[in-house]
Amino acid sequence: MRKTFPKAGRSHPDVLAEIRARKAGDADWRGGRVPLFVFKADDAVDEIGRAAFNEMFAENALGAKRAFLSLGQMEREVVEMGLDLFRAPDGAQGFMTTGGTESIIMAVQAARNLARAERGNAGHRGNLVMPETAHPAFDKAARLMDLEVRRVPAGSDYRADVAALARHVDGDTIMLVGSAPCFPFGIIDPIEALSKLAVSKGLWLHVDACVGGYLAPFVRDLGRNVPDFEMHLPGVMSLSADLHKFGYTPKPASTVFYRDAAHALHHGFDADVWPNGRFATTTIVGTRPGGAVAGAWAVINHLGREGYRRLAGELMAAIDRYREGIGAIAGLHVIGDPHLSIVAVGSDEVDVFRVAELMAAKGWVAGLTQRPKGLHRMMSLLHAPSMEQYLSDLAACTAEARTASAGFAQIKATY
Ligand SMILES: Cc1ncc(COP(=O)(O)O)c(C=O)c1O
């Protein structure tokens, strides 16, 4: 039965009570039982993000140039702070967007437009060359713009195979992609080598640091191994980094940067085609929440490098404990050598998809990789308090999956 449009209105408490009742049945993300989707630093960061969001709750970032100049200023400062963090050369530019997908679509569009401007259109279908571990947002962009995607198997260490990628490049390649890190395994691609390849072949290298951008520099500051991926590398033409992930800012917020101001000119939309005159935006969407801009500005200023470094230290200590716990469960191993807080766990002895089903029965929402089969978690400090419970349930479920009566897995990997 289709829900009818309500005839009469309901009171504020009544409506809110129903939302609360409905969400009571949702997965327990606060208890660390959801392996992705929500990121948290600590209560203080949550509070400042929420307060700043609410301060600009009604304002529309589409009006940042003409009405809400404070939003425009905050947006510019968020971008400039990102350019600084990502070691961008002078003249580099950037934009805020509503998420990693939008940042990627905009960067692909800029690369496509530049290629068209430089090479002409001449019936050629541009292609994007990337490791198989790259995010499907590139495929989404390619479908929208009728581009070809060339996904190339990664190396045995799950990092981009630079020589194999080079073999897939041709005269119609408009973008080479590397991730920092890739979502499936949390491993940073060899961006320095990709940058060299890009420079030698005159290619546009995009670094997808959506998930790691606002975490990796601080993990490196702790003295841990985090390979360079930033914009000081000369082949990196654009870089995407999401604020609403490990920047811990309210959704929806991401950033995308271009090393060359001339390339950034291909980023936006600008048309004077209708009765209302010029319409220019730097996002696909029109209306955007002002709260997300204010929230990003507030959280970055609240934390600063020192705050992000402290949080990175706490998070990586929890990840160390997780990896140690996995190592202590017979039959399980960490897949590859992840750099940050995404960890995939595989097995040569048990079907980890069956383990995931048994874990789901205990209330742990499954995150999975299919090639190879793995249990996937993108952890923030949200996952720290329940770490021991997770590991002990995992040990029990792994042992159960080994038994003949455990049955076969029905579950499929879905994002
Ligand atoms: C590496 C990477 N790129 C892009 C995205 C897309 O980000 P969003 O979901 O904000 O569009 C994600 C999301 O997890 C990601 O991990």
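The structure displayed is predicted, hence computed values, not measured ones. Just follow the structure's listing: the first ligand is 1, and inside any ligand the first atom is 1. All residue numbers refer to positions in the sequence shown, counting from 1. Values below: every heavy atom of this structure, side chains too, minus hydrogens, waters and symmetry copies.
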Student: Hey, could you give me each pair passing salt bridge (Lys or Arg N to Asp or Glu O under 4.0 Å) that has a residue in residues 164-193? Not counting sequence neighbours.
Tutor: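 The answer is Arg150-Asp170.
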Student: Leu62: what forms a side-chain contact (heavy atoms from CB on, under 4.5 Å) with it, not counting sequence neighbours?
Tutor: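 Once residues adjacent in sequence are excluded, the partners of Leu62 under the side-chain contact (heavy atoms from CB on, under 4.5 Å) criterion are Asn60, Thr281, Thr287.
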Student: Hey, what's the ring geometry for Tyr415 with Phe37, parallel, tilted or perpendicular (30° and 60° as the breaks)?
Tutor: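 Perpendicular, since the angle between the ring planes exceeds 60°.
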Student: Just list the N/O pairs, ligand 1 to protein, that are under 3.5 Å apart, with the distance for each.
Tutor:
residue  : atom   : partner : partner atom : Å
ligand 1 : 3 (N)  : Asp208  : OD1          : 3.4
ligand 1 : 3 (N)  : Asp208  : OD2          : 2.7
ligand 1 : 7 (O)  : Asp242  : OD2          : 3.4
ligand 1 : 7 (O)  : Lys245  : NZ           : 2.8
ligand 1 : 10 (O) : Gly100  : N            : 2.9
ligand 1 : 10 (O) : Asp242  : OD2          : 3.4
ligand 1 : 10 (O) : His244  : NE2          : 2.9
ligand 1 : 10 (O) : Lys245  : NZ           : 3.0
ligand 1 : 11 (O) : Gly100  : N            : 3.4
ligand 1 : 11 (O) : Thr101  : N            : 2.7
ligand 1 : 11 (O) : Thr101  : OG1          : 2.5
ligand 1 : 14 (O) : Tyr415  : OH           : 3.1

Student: Could you check whether any side-chain N or O of Glu59 sits under 3.5 Å from a backbone N or O of Pro289, counting only pairs where one atom can act as donor and the other as acceptor?
Tutor: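 Between the backbone of Pro289 and the side chain of Glu59 there is no qualifying donor-acceptor contact (under 3.5 Å).
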Student: List the atom of Thr255, the atom of Tyr214, and the distance in Å for their closest heavy-atom pair.
Tutor: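 Where Thr255 meets Tyr214 most closely, the heavy atoms are OG1-OH, 2.9 Å.
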Student: Would you please name every residue forming a salt bridge (charged side-chain N to carboxylate O under 4.0 Å, His left out) with Asp28, sequence neighbours left out?
Tutor: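 Here no residue qualifies.
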